[in-house]
2 protein chains.
Amino acid sequence: MTQEPYPHPDVSEVTLPEVLHALSDPVRLSILQALVPGQESAWSGFMVSVAPSTLSHHMKVLRNAGLITHRKEGTRCLVSLRQDLGERFPGLLDTVLRLAPVA
Amino acid sequence: MTQEPYPHPDVSEVTLPEVLHALSDPVRLSILQALVPGQESAWSGFMVSVAPSTLSHHMKVLRNAGLITHRKEGTRCLVSLRQDLGERFPGLLDTVLRLAPVA
DNA sequence: TTCGATGTTCGACGAATATCAAACAATGGC
DNA sequence: GCCATTGTTTGATATTCGTCGAACATCGAA
């Protein structure tokens, strides 16, 4: 089997509490802040001091909340902000990221 | 002792993850939706099917997140949306309430 | 003063969460 | 083919969370 893609929910299946919960963790918020809209990023730039397994866990949460696209290329992963979540919850992610602490 | 007021944090002490966590529960979201900005409400109108103790718990969470003002008048409580949280996190509550399901 | 109405506090309980280390899997380079 | 790199999965653990019922506190009314 080559890389089977990660399961990404349809944005219509995602609920608001689910998204807000995904956004309510400092580590996940840091990850999202490190993502440049419309651009894929590798994990290297996240600067988050958690174990790899923990990071992997947070990625799954963000993915299931419809916040990110998660793709595997070779041995590393490429992550990007999902644009279509803005169709479901217009302005939500923009507002949160705008207010997120710079730290 | 007459009614000692509930502790309300200063908005400067409230963190974004804390607010988002408070917003990520369906019951709390329902409560906030039932609140009319600039107007005090009693618990009667919340239409939330949880035990009184649970409701009280959610109120404390909302209060500690700086989302509501909680005042006791006689035997019942009056709750209202805190306006000054919008100074700390402009547009956040408005965006979330705009996107909250009508149910 | 006694009682009813309205919240709060206090365990308690099950479920979910965040975290880690260790084992596992897949890929690309040697 | 072998191995290092990079994530994922799997326990394990400690914590937090949402919920309830029961006991308690406070106030207003009878």
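So that the names make sense, note that chain A is the first sequence line, chain B the second, and so on, each numbered from 1.
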Could you pull out all donor-acceptor pairs under 3.5 Å where a side-chain atom in residues 12-21 of chain B meets a protein atom, sequence neighbours excluded?
{"unit_1": "B:Ser12", "atom_1": "OG", "unit_2": "B:Asp10", "atom_2": "OD1", "d": "2.8"}
{"unit_1": "B:Thr15", "atom_1": "OG1", "unit_2": "B:Glu18", "atom_2": "N", "d": "3.3"}
{"unit_1": "B:Glu18", "atom_1": "OE1", "unit_2": "B:Thr15", "atom_2": "N", "d": "3.4"}

Quiz item: Taking only N and O in the side chain of A:Arg28, is any of them less than 4.0 Å away from OP1 or OP2 of C:dA18?
Solution: yes

Quiz item: Which value, rounded to the nearest 0.5 Å, describes the distance between A:Ile68 atom CD1 and A:Leu62 atom CG?
Solution: 5.0 Å

Quiz item: Can you tell me how far P of C:dG28 sits from CD of A:Glu73, to the nearest Å?
Solution: 9 Å

Quiz item: Atom CD1 of A:Ile31 and atom C1' of C:dA18: how far apart are they, to the nearest Å?
Solution: 12 Å

Exercise. Provide, to the nearest angstrom, the distance between the CG atom belonging to A:Leu62 and the P atom belonging to D:dG7.
Key: 15 Å

Self-check item: Pairs involving residues 58-85 of chain B, ordered by first then second residue, that meet ring-ring contact (aromatic ring centres under 6.0 Å, His included) (sequence neighbours left out)
Solution: B:Tyr6-B:His70

Quiz item: Residues from residues 43-59 of chain B sitting under 4.0 Å of DNA chain D, heavy atoms only?
Solution: B:Val50, B:Ala51, B:Ser53, B:Thr54, B:His57, B:His58

Practice problem: Consider the side chain of A:Lys72, meaning its heavy atoms from C-beta on, and name the nucleotide among C:dT6, D:dG7, C:dT19 that approaches it most closely. | Solution: D:dG7

Quiz item: Can you tell me how far C1' of C:dT8 sits from NE2 of B:His70, to the nearest Å?
Solution: 9 Å

Quiz prompt | side-chain contact (heavy atoms from CB on, under 4.5 Å) partners for B:Arg98, two or more places apart | solution = A:Pro90, B:Thr95

Quiz item: Which residue pairs satisfy the salt bridge (charged side-chain N to carboxylate O under 4.0 Å, His left out) criterion with at least one member in residues 26-35 of chain A, sequence neighbours excluded?
Solution: none

Just the atom pairs and distances: protein N or O near nucleotides 3-5 of chain D's N or O, under 3.5 Å.
none

Practice problem: State plainly whether one hydrophobic cluster holds both B:Leu78 and B:Phe46, where clusters connect Ile, Leu, Val, Met, Phe, Trp and Tyr through side-chain heavy atoms under 4.5 angstrom apart. | Solution: no

Exercise. Give every residue pair that meets the side chain to side chain donor-acceptor pair (under 3.5 Å) criterion with at least one member in residues 40-55 of chain B, sequence neighbours excluded.
Key: B:Glu40-B:Arg71

Exercise. Select base, sugar-phosphate, or nothing to describe what B:Val61 touches, counting heavy atoms under 4.0 Å on all strands.
Key: nothing

Quiz item: Separation of A:Leu29 atom CG from C:dA18 atom P, in whole Å?
Solution: 13 Å

Exercise. Answer yes or no: does a side-chain N or O of A:Tyr6 lie under 4.0 Å from OP1 or OP2 of D:dT8?
Key: yes

Quiz prompt | Contacts of B:His57 that satisfy ring pair (Phe, Tyr, Trp, His ring centres under 6.0 Å) - sequence neighbours left out | solution = none

Quiz prompt | Co-membership, hydrophobic cluster, residues B:Val11 and B:Val61, 4.5 Å side-chain | solution = no

Self-check item: Members of residues 16-26 of chain A that approach DNA chain C, where some heavy atom sits under 4.0 Å away
Solution: A:His21, A:Asp25

Exercise. Only counting residues at least two apart or in another chain, list the ones meeting side-chain hydrogen bond (donor to acceptor under 3.5 Å, both in side chains) with A:Arg82.
Key: A:Asp84

Exercise. Calculate the interatomic distance between B:Arg71 atom CZ and C:dG7 atom P; express it in whole Å.
Key: 13 Å

Quiz item: Ignoring hydrogens and geometry, is there a side-chain-to-backbone donor-acceptor pair from A:Arg63 to A:His8 under 3.5 Å?
Solution: no

Quiz item: Tell me: CG of B:Leu78 to P of D:dC27, nearest whole Å?
Solution: 15 Å

